[in-house]
Amino acid sequence: VRLSDGRHDDGDEGGSSELTKLVSRAQSRGDSAAFAAVIRRCERMALAVAYAHLGDASRAADAVQEALLKAWQKLGGLEDPARFGAWLCHIVRNVSVDLRRQFKPTEYIGSTDERAVIGSQVCDEVDSGERRECVAAALSTLDDVSRSVVVLRYYEDLSSREIGELLGLSAAAVDMRLTRARQQLRPLLSEMIEGPAIV
Amino acid sequence: MDDREDTDSLPADPLETLLRGHLRAELEPKVGLAERRFLREINRGRRRSGSRLAIWALWATGSAMAASVGIVWGVIQHRATPAHMASRPDHAATVASAQGMRELGEVVEYSTIDEGTRYVENEGPARQLRRQVLQTSQWYDPDSGAQIEITVPHEQVMLIGMPSF
């Protein structure tokens, strides 16, 4: 899986093979510098997965930090360094689920349909200060897997095949979820996409 | 099918632009935190490991010295007060004589074995060295003409945190 290679100025070139080499080095020699380089490459992907589960950037960052420390401690148990991305993704998901349990919201959130209505109501009265909450509310109407697909695509810019490798889905399943997610989000965010109706 | 590639040539979908902008604004400020936290934890672990190793080495050396002194003292006392002399009236003089034994010399043999890299939980990799010491001391008792030789083995295991930069 190609992860954040093009976005860094740290001089690292190459794709998954470079990441695999770094993981192998960190694994066999306990090289913390190599693992720090792995973190630089994988942090955005991990943030995307955690954000998809938690819906909050600060908590997602906390989850990613915990997950990467766990990954470092358990690195010896990773059998295939080439599968590091999916393995880390699994750890991030577990940590995020634990965090979500700890900070379970007390208010009733409702079913997906009810949340869609809430999201739609919020977006009827949108101004620049509410855009963030509005998009977050719309994203919260998606199920966890579809939200992960959307966040990995539009934040990490991963291909369907790469997203599928991380989430254990086929590329076709990723495309299908992406299409449905866009269909679900478009009416909720129409006000922001098309601008308010002029009366 | 990779629909990211398929849509590259099409005009940007406003929904996609909105989502990209939102996610970037939310998550980009958090990038870099994980690496800083990781390096902080590693450095904290090294410091903790270093001080723990120093305390351990000090404790091991102290224990070995205490054991050596104890053995030497025990042997001297044993030699100084043999059972058949315990009831003799010149016992005090004998003890004084034993305490006045002449030290002939001391031989110390060292052997250091590199046992390779060990992974110390929560601390990272460390190099394990086993140092074995045989400390042999000899005394001569001019009164009885006896020669006393004591060999005290010491063993010290040192874990040296490996620099990974």
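Naming: A, B, ... by sequence-line order, numbering from 1 per chain. What's counted below: heavy atoms across the whole structure, side chains too, no hydrogens, waters or symmetry copies.
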* Is there a path from A:V145 to A:V92 through hydrophobic residues (I, L, V, M, F, W, Y) whose side chains come within less than 4.5 Å of each other? -> yes

* Structure fact -> Okay, B:L33 and chain A: the region with an atom under 4.5 Å from a heavy atom over there is both

* Asked: To the nearest 0.5 Å, what is the distance between CG (B:L15) and OG (A:S190)?
  -> 10.5 Å

* Asked: Do you reckon A:L78 sits in the same ILVMFWY cluster as A:I39, going by side-chain contacts under 4.5 Å, direct or chained?
  -> yes

* Where do B:D13 and A:R182 land on the salt bridge (charged side-chain N to carboxylate O under 4.0 Å, His left out) test, with the steps shown first? -> CA-CA 10 Å; B:D13 180 344; A:R182 278 192 294 242; 5.2 Å; no

* Does the pair A:V64 and B:K30 meet the rule for a side-chain contact (heavy atoms from CB on, under 4.5 Å), with working shown? -> CA-CA 10 Å; A:V64 168; B:K30 308 297 179 190; over 6 Å; no

* Should the heavy atoms of other residues, nucleotides or ligands under 6.0 Å from CD of A:E79 be counted, would the total exceed 12? -> no

* Asked: Is there side-chain contact between B:R36 and A:Q65, with at least one heavy-atom pair below 4.5 Å?
  -> no

* To do: Decide yes or no on side-chain contact (heavy atoms from CB on, under 4.5 Å) for B:L27 and A:R44, but give the supporting numbers first.
  => CA-CA 8 Å; B:L27 298 176; A:R44 283 185 172 83; over 6 Å; no

* Structure fact -> Looking only at heavy atoms, the pair that brings A:G30 and B:P125 closest together is O-CG, 3.6 Å

* **Test log, rule side-chain hydrogen bond (donor to acceptor under 3.5 Å, both in side chains), inputs A:Y155 and B:E26** => CA-CA 10 Å; A:Y155 177 58; B:E26 286 281 287; over 6 Å; no

* Asked: Does B:E35 offer a backbone N or O that forms a donor-acceptor pair with the side chain of A:E43 under 3.5 Å?
  -> no

* To the nearest 0.5 Å, tell me how far A:C134 SG sits from B:L18 CG. => 8.0 Å

* Do other residues, nucleotides or ligands put more than 12 heavy atoms under 6.0 Å from the CZ atom of A:R186? -> yes

* Mind checking whether B:L159 and B:V133 sit in one hydrophobic cluster, side chains of I, L, V, M, F, W, Y counted as touching below 4.5 Å? -> no

* Distance in Å, A:L69 CG paired with B:R37 CZ, rounded so as to fall on 0.5 Å steps -> 5.0 Å

* **Side-chain touch B:L19/A:L139, heavy atoms, less than 4.5 angstrom** => yes

* Asked: Any idea how B:F38 and A:F35 line up, ring-wise: parallel (<30°), tilted (30 to 60°), or perpendicular (>60°)?
  -> tilted

* Asked: Under 4.5 Å between any side-chain heavy atoms of B:E16 and A:R153, yes or no?
  -> no

* To do: Please say whether more than 12 non-hydrogen atoms of neighbouring residues, nucleotides or ligands are located less than 6.0 Å from CZ in B:R118.
  => yes

* Joint cluster assignment, A:M176 & A:Y154, ILVMFWY side-chain distance < 4.5 Å -> no

